[in-house]
Amino acid sequence: MKKTLLVSGVLALIAGIQTAQAAVGTYNITTTWYEPDTQPRDSIFIGSFTFDDVTHSVTNLQGLLSESMSGDQVAYNPATGINGTDNMNWVSLTNQLANGDATHTYTWHDATLGGTLATVFKNTNSLTFTTLTGGDGWSPQAGVDVGGVYAGYPKKPQATVNPQNAYAMIFVPDNLTAAGSTLSWDEATGSGSLGLAHTAYADFLELVGSGGYDAGGMMGAVGMTATSAWVYGAVGTMSGVPFSQVITAAAVVPEPESYALMLAGLGLLGLASRRQRKSC
Amino acid sequence: MNIPVLSTTRSRKLLAKSVATLLALAAFEASAQEIKITDQKTADSLQTPEIETQPSQPESEITNVLALDPIDIKASRIKDSFSETSNLSKQDIAAKRSKTSDTTELLQGVPGASVYSAGGISGLPVMHGLADDRLHVQVDGMSLMQACPNHMNSVLSYIAPTSVDKIEVSAGISPVSLGGDNLGGTIDVKSKAPEFAKDGEKFLVKGDAGYFHRSNGNARGKNFGFTLAGEYVNLTYAETSSESDNYWAATGGWKKPGAWKANKVGVSLGAPVVAERDVGASEYGGALNRDLGLSFRFSEHLFRINLSRQQLDYEGFPNQRMDMIASIPNPTDTDFPPSYIVDRSKPSNVNTLVNFSYKGQYDWGSLDARVFHQDLRHHMDMIQERNYGMYMPMDTKATTVGGMLKASIDLSERDTLKLGSDFQSYRMGDWWPPIAGGGSMCCNDFWNIRDGKRDRVGLFAEWEARWNPKWLTIAGIRNDVVRMDAGPAQGYSNSSYKKDADIFNAQKHLRIDHNVDWTMLTRYTHDANQTYEAGFARKTRSPNVHERFPWSTFAMAALMNNFVGDGNGYVGNLDLKPEVAHTFSGTIDWHDADKEIWGVKATGYVTIVDNFIDAQRCITCGATNKKTKNAYVILQYINHSAQLYGVDLSGHRLLGRFDDFGSFTGNGVINYVMGKNTTTGDNLYHIMPLNGRFSLAHRLGGWTTTAEIQTVAAKTHVSQVRNEVPTPGYSLLNLSSSYEFKYARLDVGVDNVLNKFYLLPLGGAYVGQGNSMTTGGVPYGMVLPGRGRSINVAVNVRF
């Protein structure tokens, strides 16, 4: 009996510790799209999200997106942080929109890729690209298909019809743990994380005021994007492509079931220990 | 797709057989003629008349079948051209007019010549591997300038093929009196010389009109001209217009798959959908050349003044990232900066020329003088089949004032001295207006080159001596002073451009080059059948403004600076030194006494260039840019050393002449050139691979029918720094026939009869569709294909 309790306690504790890693956690993320035409500056999304590794849901996604065509020719420096060394504009993306119909699904789990793609927008709706010739108006493929032209085109003036939206689509792998995740993608060879290759961004903000930038609309009706030609058939409008992504744990909170199992294990171990002392 | 690689081997074999045949033919004929010919030509026979004999079409034969007007033949020492000089006569040119609307393309088939592909009427000439500004290109004696960061307004686009009467090509070693500031020789394109009423005639009235159509690309055009002349006054007017849709390759499948071709079927915002076999952005329209000339003749003095204008509504450039097309601020847009719209009906390029010249004969020799003024307005944006939502207005304005004074003094029967001076004063501005949308193109004018200046003054002296009937020498020296300057740079904003602009603006822009050229040429005429020539020369060329002054390393801006069609971006270099070439060249010319029956000519040359302006990878444009081998990159001009060498071989043979069936003549031209950057060991860019043209011409009465095989070896020697793409070899069959009589000429032909697919070795990168404004917007690795089969028809009438 004592032996049974001891074994049960140890097993429950181990199970409890293991299941404690199946948790809802908050993570920091830095996704980089390489921009060959604006070097040394890249398009970078720096943000955070909550991830449930059981349901693979990504929630509370938000962050800042750099505009690599703005600022001086100085790269973002992680050591000094946003605008520590660089002076690029950073667009605030705060709206992780709820999924709608099939063409308006912004966050979804892809079993083939082994992870979740999640999108956060600047606006409270997803309209980004023109829908004059069809398309859903926001997805990376729709952007490629319309050549990166802004929503509302060809109506003028742009300032009125362009909703000036922006978004970042990130990839969260299923096997994300508290240790974090590092992914890379080589567009030249098509090697690396296929999930990362599916990530994209779009930035259609227009100039505000004169004498400086507020955003990174590119040329006329074409905004700035990054996509992989391996996935979407074309690279971004300024040749931007997925490059790297680093996820680190900000805080991991184990789920209640895990806590219960672990406590049960500890309880069994304690009971076994007490009986052992009594028998002595 | 399957590219016929085997054709490379076939091409080489065919070329090798052809070389052997030509050499065997030459050896046989030379030995035979040496036995028959014992008399040697007198000194006077060295003097070339102003009418060229034409080996491929004997003059006597033309005279037999055409009722030509009487022609004055004046002997002239000045025109004593060397064998390295190739003259394209009126007859040569007439046969080519139905094939092309690009005057540069008329050079195809000239030994040593080839053409960089560009727009439909704006190819860039190449001689012995040296192209574009490395050649001295003249139109009616004017040393004209290009004023575009892509050299879209090629000098030879200023004159239409139908207006060209004669082309003189001096490859490699040209006398210093023909001009300086070049390495590779001179191309002199001339319109028809003024005619005057002859003694006894009160008035001369002449006119001509023509029309052509080519099935590939639906190219069409017309020309019209007239001459009114008395004994002392001549008034001439000529007008030519042409247009074309996109041309197409023999097949599709040569474009890389993917969504980069924004206008795919079913997804188009009104821009035309480009079919798979069509070459996007190769169309042109509204090309109009007009020339009004007034000439006066007084005794031995000829004064000419010509006013001409070339204008063009639009012209696509499939190997450039922009096109010549007008765009204007959207009138309904009140924002600043405004958005733009394309306007195809407005001329995007207008070149206006005033050319005043004088030529006089005196007891002591002759005097030539010229002053000209060139005014050029040029606008670029994008033909909307690239990307319907993309605009980038770019403007260039340039003026050139030039002139020349040359005296040819007959010192004695033996010696002629040529003294002279020429000058060129070039002013230009190259700016790109801002557009709505923020980002990279707001909010100020981008000044690629502001207040650009390039002034050149040259002085020369040349001594020509006929030592005896066998020996002729020419020795000349010239000095050119080139002064270049530019104002401050400015980007669209203080964002991506400020750092580069600050670096450029902190430097002194004034550059003064003192260039010295010299040429030594000698000809030995062994007998009526054999002539040998040798030459040694030093030639110098100062950089052009777009090699020295473009300053921005920002990819989009750099991509706008490119005149070689390789898809890469270029950054200027203020510290470039002038290129200095030393060339040694030798020519053997064997032929029958009248050059009618047979002839073989071979020219070998070696050119060593110090400070050759090549390119290196931009060192501040990221690590990937430095090392990538499969992408378009950003380059910066830099002085290196280079070496070029090669051989031109040409020949003709009258195969038979029959009373009832006419004559049959075989012609052949083979060109070989190699170019190396001896600093890096890399190959030079756009070196034409071994190639040849072989034709059989049949003439009967006014009919001339020609079957031509054009064969080109694979291009395997490619420039690595530019990520140049190799091309496979190919062979084409072309057929043409013409009928000419006093009042008309009809040309009918089929180019690429077998409709073979091929890639142009000098075609450059295909970036004629998609997002061409970025390094990766159009997939790397596509080469401009050649035309599929085309049926060509042209008719010209004279009255």
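Proteins get letters first, then strands, A, B, ... in listed order; numbering begins at 1 in each. For the numbers below, each heavy atom of this structure counts, side chains included, while hydrogens, waters and symmetry mates do not.
- When each of B:Thr620, B:Thr553, B:Asp500, B:Asn625 is checked for heavy-atom pairs under 4.5 Å with chain A, B:Asp500 comes out on top.
- With hydrogens and angles ignored, the 3.5 Å screen pairs no side-chain donor or acceptor of A:Asp37 with any backbone N or O of B:Thr774.
- Checking B:Thr624 against A:Tyr34 by side-chain atom types alone, a donor-acceptor pair falls below 3.5 Å.
- Shown here is B:Phe554, whose CZ atom has more than 12 heavy atoms of other residues, nucleotides or ligands within 6.0 Å.
- A:Gln141 and B:Ala259 make their closest contact through NE2-CB, 4.4 Å (heavy atoms, listed as atom of the first residue, atom of the second, distance).
- With a 6.0 Å radius and a threshold of 12 heavy atoms from other residues, nucleotides or ligands, B:Ile619 has its CD1 atom at or below the threshold.
- Sparse packing is recorded around NZ of B:Lys346, with 12 or fewer heavy atoms of other residues, nucleotides or ligands lying under 6.0 Å away.
- Between A:Ser239 and B:Gly777, the shortest heavy-atom contact is OG-N, 3.6 Å.
- The side chain to side chain contact (heavy atoms under 4.5 Å, CB included) test with B:Met390 singles out one residue from A:Val222, A:Val149, A:Thr237, and that residue is A:Val222.
- Taking CE of B:Met556 as the start and OG1 of A:Thr38 as the end, the distance is 11.5 Å to the nearest 0.5 Å.
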